[in-house]
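All remarks here apply to the structure that follows.
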Amino acid sequence: MHSVLVIEDNRTMREGLEISLKQMGLDVSSFEEGSGALEQLGKKNYDLIVTDYKLPQMDGLKVFECARKLCPGIDAILITAYGSVDLAVEAMKLGAADFLTKPFSPEELKVKVEKALATRDARAENIRLVEENELLRCEVAEAGGYGELIGESEVMFDVFDTIKRVAPTDSSVLITGESGTGKELVARAIHDKSQRKAKPFVKVSCAALSEGVLESELFGHEKGAFTGSVKARKGRFELADGGTLFLDEIGDISPAVQVRLLRVLQEQRFERVGGEKTLSVDVRLISATNKDLKEEVEKENFREDLFYRLHVLPIELPPLRARGKDIQLLARHLAAKICRRLNCSPRTFDSDALDLLAGYSWPGNVRELENVIERALVLGRGKRITRADIPLLIGGKSETRRLPSFELPSSGSIDLTETLETTERTIIEQALERAHGNKSKAARMLGLKVSALHYKLDKYGIL
Ligand SMILES: Nc1ncnc2c1ncn2[C@@H]1O[C@H](COP(=O)(O)OP(=O)(O)OP(=O)(O)O)[C@@H](O)[C@H]1O
Ligand SMILES: [Mg+2]
């Protein structure tokens, strides 16, 4: 509840203000003059001062000035006599939220007070978010990641921030990203950071199962529902009750399963295959796909209504090539993890090997990096992993380092800056085209921050 301090010497006015403000559900304290109000300000927290300008001793502006010294964040609405425009301007200069000119109606008072308090709340929320963000940044930098997820690049920081925000809610999450970018790890992180963490995290790989099998996997079946079903069986929805259901490769489910899934999401109810009884469960749904689901909707392979149900909170995982800063960090982490699993003594990379890893384009993302490191650890002989232990990459071209071929004209000269700018412009246009105009996607593709891309778009007058 917000608290308001009213200062008004005229009794009728004061009581009128008190009544109106209390009707708005506010906690109100009122005073006839400034000094008593300022004393009260030292004892209790207030959000807003509503003060008359003309008071017996100190005027309203002076009261506000003193109040600001006592509580720097406090807001005020100054009540002035009709025609005193200068005073109103003065009040605004001092940082007052608003002013009211006598005579005013209770409705006018209500509008101005509500606006002042809403602005105040928005400001406080903003400060809270900025502080929270800073804190998360520090935690990530210190730990080299967020829980099991390693990374300290800007793009991954955004992902961690989103995980933190979506985890406490029950809304459906759709994780998209190329194969091997860590979608499953993100799904688990959301579950682990949620209030459901003590309950099951149940995964279903939708692409691996045929339509009929997937249906009975998801919803269960009754005894005799189909040939061979000698016993009734609970489906994954039931098994995940109270927890999280992770539907991996959701882009691959058939139209029939899409319809059933939609119904569960709409009604929170379903029946086992071959069953009559309607069951209801409390499940948080997280789905993942490496397909562009929006495109699948356009191609009519995926139901639009289901897409919107799943897509409430989207998380897009950037490919590894867009988070160059993380590669070495990940390589060290994965090497340590694999050594533990293989029960071998830990080995580190020499700097040449790390450079090689950092320069490669990683079409298979973190999973490919993991495989390359495992191979190096198993096949390498020395104490440290060297370039020679990473055979796949030695002959292989590193896409990120590959330069477009360019031939200097045989005669005359070229303007290097202009040539580079033209090339940059072309690359940006291509990325935008490939991202269907989605700027965050294009920025990620280019390893740029969205703000940096905007700057370049402006510079080249694109769009
Ligand atoms: N940020 C990360 N930090 C640490 N390990 C990671 C990270 N991202 C991915 N991995 C590891 O890489 C491997 C692949 O990750 P995951 O299975 O989550 O990818 P995916 O996006 O689900 O891939 P697919 O689409 O092929 O199913 C896993 O072993 C995972 O532990
Ligand atoms: Mg996966």
Side-chain angles (χ1 to χ4, degrees), residues 136-137 139-164 166-167 173-193 201-209 214 217 236 244-253 285-293 295-296 310 314-342 349 354 357-358 360-378 441 444 447:
L136 182 61
R137 246 166 224 273
E139 279 167 26
V140 167
E142 219 168 90
Y146 188 56
E148 296 265 305
L149 283 156
I150 302 302
E152 52 178 11
S153 55
E154 278 298 310
V155 277
M156 281 310 278
F157 180 77
D158 289 345
V159 171
F160 302 152
D161 192 43
T162 315
I163 294 176
K164 194 173 165 196
V166 308
V173 179
L174 178 67
I175 309 167
T176 50
E178 289 176 15
S179 183
T181 43
K183 295 186 291 295
E184 185 169 341
L185 225 47
V186 168
R188 284 184 189 276
I190 295 172
H191 174 76
D192 291 344
K193 306 267 171 204
F201 174 88
V202 177
K203 176 188 161 182
V204 186
S205 295
C206 302
L209 307 169
L214 177 59
E217 272 299 318
R236 304 285 171 108
T244 306
L245 182 65
F246 175 48
L247 299 180
D248 203 6
E249 294 165 271
I250 188 88
D252 294 289
I253 61 173
L285 201 67
I286 303 181
S287 335
T289 178
N290 51 24
K291 289 192 171 169
D292 183 338
L293 220 48
E295 206 175 290
E296 294 303 308
L310 299 172
I315 298 186
E316 200 180 327
L317 270 179
L320 189 53
R321 62 187 164 280
R323 28 177 161 142
K325 203 176 160 193
D326 294 345
I327 294 178
Q328 302 199 351
L329 194 69
L330 267 166
R332 292 198 184 93
H333 163 83
L334 293 169
K337 182 174 120 180
I338 297 164
C339 284
R340 274 197 304 275
R341 174 157 52 80
L342 297 177
F349 295 85
L354 283 176
L357 296 177
Y360 182 61
S361 67
W362 302 108
N365 296 298
V366 188
R367 179 169 300 110
E368 185 184 6
L369 177 64
E370 198 167 5
N371 292 343
V372 165
I373 293 174
E374 179 157 353
R375 210 168 318 149
L377 283 167
V378 173
K441 219 170 175 178
R444 231 169 272 144

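Whatever order the structure lists them in is the order used to number ligands and atoms, beginning at 1. If you read the sequence from its start, that first residue is 1, and numbering goes on from there.
Contacts classified as salt bridge (Lys or Arg N to Asp or Glu O under 4.0 Å) and involving residues 329-342 (residues at least two apart or in different chains) are given here: K337-E370, R341-E374.
At a threshold of 4.5 Å between non-hydrogen side-chain atoms, the residues E184 and K203 count as touching. In this structure, the side chains of I190 and K193 stay at 4.5 Å or more apart for every pair of heavy atoms.
Among residues two or more places apart in sequence or in another chain, the ring pair (Phe, Tyr, Trp, His ring centres under 6.0 Å) test is passed with Y146 by F160. Scanning for ring pair (Phe, Tyr, Trp, His ring centres under 6.0 Å) contacts around H191 gives F201, with sequence neighbours left out.
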Do any nitrogen or oxygen atoms of ligand 1 lie under 3.5 Å from a protein nitrogen or oxygen, and which ones?
from     : atom 1 : to   : atom 2 : distance (Å)
ligand 1 : 1 (N)  : I150 : N      : 3.4
ligand 1 : 1 (N)  : I150 : O      : 3.0
ligand 1 : 3 (N)  : I150 : N      : 2.8
ligand 1 : 12 (O) : E370 : OE1    : 3.3
ligand 1 : 17 (O) : R367 : NH2    : 3.0
ligand 1 : 18 (O) : K183 : N      : 3.4
ligand 1 : 18 (O) : E184 : N      : 3.1
ligand 1 : 18 (O) : L185 : N      : 3.2
ligand 1 : 19 (O) : G182 : N      : 3.1
ligand 1 : 21 (O) : T181 : N      : 3.2
ligand 1 : 21 (O) : G182 : N      : 3.0
ligand 1 : 21 (O) : K183 : N      : 2.8
ligand 1 : 21 (O) : K183 : NZ     : 2.9
ligand 1 : 22 (O) : E184 : N      : 3.2
ligand 1 : 23 (O) : G180 : N      : 2.8
ligand 1 : 23 (O) : R367 : NH2    : 3.4
ligand 1 : 25 (O) : K183 : NZ     : 2.6
ligand 1 : 26 (O) : S179 : OG     : 2.6
ligand 1 : 26 (O) : G180 : N      : 3.4
ligand 1 : 26 (O) : R367 : NH1    : 2.7
ligand 1 : 29 (O) : E370 : OE1    : 2.7
ligand 1 : 29 (O) : E370 : OE2    : 3.4
ligand 1 : 31 (O) : K337 : NZ     : 3.4

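For the pair R137 and F157, the distance from NZ or CZ to the six-membered ring centre is under 6.0 Å and the angle to the ring normal is within 45 degrees.
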